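Scroll down for the structure; my scribbles are underneath it.
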Amino acid sequence: MTQKEIALLTELTPIVQRQLPKGLFLCVDGGAPNTMTIGWGSLGVFWGKPVFTVPVRPQRFTYPLISKARSFIVGVPEDGALVDQRMKAGTWSGRDGDKFQRLGFETVKGRVVDAPAIKACKWQIECVVKSAVDLTESATAPDVVSAMYPARDFHTLFMGEVVACYETER
Ligand SMILES: Cc1cc2nc3c(=O)[nH]c(=O)nc-3n(C[C@H](O)[C@H](O)[C@H](O)COP(=O)(O)O)c2cc1C
């Protein structure tokens with residue numbers, strides 16, 4: 001990452017924090033390019049590096065793709081933009097057809113990782129998975145298990161080192 005990218009990532013951290021509950025676009029390849037909405041996650045520091053951690057439940061179409069690709073791009077829209085698309089990408093499944101096409105999204109190749117980047121998103125955060133951590137019932141507080149995991153479909157946390165961060169060329 002260049003100094004410019006590190007500076008932009010620092011600027012984006014509160015934007016990501018603010019926007020996550022409304023949804024960001026997690027984009028992967030792994031044989032079938034796909035995107036899904038994430039509402040949880042964290043952009044922080046691990047192993048002395050900037051790391052974006054994204055939680056993916058095992059039943060998502062995205063799950064085997066990100067597991068295989070071990071890389072992803074988080075697309076961050078401008079505040080208040082792509083509201084409808086955030087909901088649709090978080091409701092529709094890539095199993096039912098090309099979600100980019102159905103959402104009317106044009107994509108470009110990632111600069112560093114092999115994943116699609118959504119042109120309609122203002123910023124791109126490209127990541128290489130350095131660890132994938134399965135949440136477990138025994139490690140999780142009972143109130144969280146009953147509230148969030150009644151089906152015991154615990155997330156895997158994909159911890160991606162940020163390898164590129166830039167404003168999308170449009
Ligand atoms: C606002 C919002 C936030 C979401 N956050 C997550 C998340 O953090 N992790 C997750 O596994 N699913 C999350 N989902 C659900 C997935 O986006 C949804 O199941 C999607 O259809 C999966 O697509 P896929 O089957 O193509 O992978 C969220 C959905 C919405 C609407």
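Order of listing sets the numbers, starting from 1, for every ligand and every atom in it. Computed from a predicted model, the values in this text were never measured in an experiment.
A heavy-atom cutoff of 4.0 Å around ligand 1 is satisfied by the protein residues Asn34, Met36, Thr37, Ile38, Gly39, Trp40, Pro55, Val56, Arg57, Arg60, Phe61, Thr62, Met87, Ala89, Gly90, Thr91, Trp92, Ser93, Gly94, Lys99, His155.
Val128 belongs to a hydrophobic cluster with Ile73, Val112, Val113, Val163, counting contacts under 4.5 Å between side-chain heavy atoms of Ile, Leu, Val, Met, Phe, Trp and Tyr, direct or through other members.
Between Phe25 and Phe105, the ring planes lie perpendicular to each other; the angle is over 60°, past the 30° to 60° tilted range.
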Donor-acceptor list for residues 12-19 side chains, cut-off 3.5 Å, not counting sequence neighbours:
residue	atom	partner	partner atom	Å
Thr13	OG1	Leu9	O	2.8
Arg18	NE	Asp79	OD2	3.3
Arg18	NH2	Asp79	OD2	2.6
Gln19	OE1	Arg86	NH1	2.8
Gln19	OE1	Arg86	NH2	3.1
Gln19	NE2	Pro77	O	2.7

Distance-only donor-acceptor hits, side chain of residues 130-137, under 3.5 Å, sequence neighbours excluded:
residue	atom	partner	partner atom	Å
Asp134	OD1	Thr156	OG1	2.7
Thr136	OG1	Ala139	N	3.3
Glu137	OE1	Arg152	NE	3.0
Glu137	OE2	Arg152	NE	3.3
Glu137	OE2	Arg152	NH2	3.3

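Residues Leu103 and Trp92 form a side-chain contact, since some pair of their non-hydrogen atoms from C-beta on lies under 4.5 Å apart. Looking only at side-chain heavy atoms (C-beta outward), Arg102 and Asp96 come within less than 4.5 Å of each other.
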